[in-house]
Student: 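Structure in structure tokens, see below.
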Amino acid sequence: MKKVDGHIHTPFCPHGSMDSFHEYIERAIALDYSQLTFTEHAPLPRGFVDTTPDQDSGMAEDDVPLYFDTLEELKETYKQRITILSGLEVDYIEGFENETADFLNRWGERLDDSILSVHFLHYKNKWACLDFSPDVFKKMIGLYDSADEIYRHYYRTVLKSIEADLGPFKPKRIGHITLVKKFQKLYPASTPFSKEIKAILEAAASSGYELDYNGAGVIKPHCGESYPPEEVIEHARKLGIKTVYGSDAHSAAGIGQGRHAMRL
Ligand SMILES: [Zn+2]
Ligand SMILES: [Zn+2]
């Protein structure tokens, strides 16, 4: 079976490593991959202010042409050894659907493959990046009054991302649909939110989306499972949803992360 990684960051990531594309690709070839999608964090929509301390969640839009040009060169350089696809991980930011569609309309022709992810939540008039750090998550609990309320709001927002109209270049794959569990060992929810997750899977199935089966959570000390976990993946597959492994590597060493604990 073809070994694929559909979610990889790059030296264009403002919060990742400076490992070169060649290091990522050589590591993937050594691990017997036949196809990679590089999915750098797209620039955040115009008008949205990044709440992370260094405002480094997405790449600058000025870098986008060079990013795609670099990927075109790499496709050519490596075409005998591995297939490389040009992608982006696009944020779904509630209320910025038009700006996100505008971005996708500007650049979508250059995309082979892409992911739509929720990292930012809007609540009580404040924005927060839910996977940034345990400290930020703890502050969010103060604002939301409970971890459960963050989970509920997160799943609601993921569902909205699936339903959103982002135009013809909207990504076909939904990113790490249980990312809210990144700090679950520190801040667990009181219920598994099965009903909410089921609604997400049904919406994804009926609209033909794929799921990012993301290995990063496996190695996160406060998470310890893939995004989403195995039982959700099994349910998704029963509904006919395609699941695509994503390392979510932010360094070359991260290629392949989590796979040992996943059902691929
Ligand atoms: Zn990142
Ligand atoms: Zn992500």
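Ligands are counted one by one from 1 in listed order, and the atoms in each one are counted from 1 as well.
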Student: Please list, chain by chain and in numerical order, all residues satisfying ring pair (Phe, Tyr, Trp, His ring centres under 6.0 Å) with Tyr245, sequence neighbours excluded.
Tutor: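 Checked Tyr245 against ring pair (Phe, Tyr, Trp, His ring centres under 6.0 Å); zero matches.
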Student: Is a salt bridge present between Arg81 and Glu26, judged by a nitrogen-to-oxygen distance below 4.0 Å?
Tutor: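 Salt bridge: yes.
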Student: Is it the case that the ring center of Tyr78 lies less than 6.0 angstrom away from the ring center of His22?
Tutor: yes
Student: For a distance under 2.8 Å, tell me if His15 has an N/O/S atom near the Zn ion (ligand 1).
Tutor: yes
Student: Residues two or more places apart in sequence or in another chain: which of them pass ring pair (Phe, Tyr, Trp, His ring centres under 6.0 Å) with Tyr154?
Tutor: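 In terms of ring pair (Phe, Tyr, Trp, His ring centres under 6.0 Å), with neighbours along the sequence ignored, Tyr154 is linked to no residue.
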Student: Under 2.8 Å from the Zn ion (ligand 2), which protein N, O or S atoms are there? Could you list them by chain and number?
Tutor: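 Protein N/O/S atoms under 2.8 Å of the Zn ion (ligand 2): Glu89 OE2, His119 NE2, His176 NE2.
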Student: Holding to ring pair (Phe, Tyr, Trp, His ring centres under 6.0 Å), I want the full list of residues that pass it with His15, two or more places apart in sequence or in another chain.
Tutor: His41, His250
Student: Starting from the Zn ion (ligand 1), look over the N/O/S atoms of His250 and name the nearest one.
Tutor: NE2
Student: Of all heavy-atom pairs between Glu40 and Tyr67, which one has the smallest distance, and what is that distance?
Tutor: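 The pair with the smallest heavy-atom distance is N-OH, 3.1 Å.
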Student: Using ring centroids (six-membered ring only for Trp), state whether Phe169 and Trp107 fall under 6.0 Å.
Tutor: no
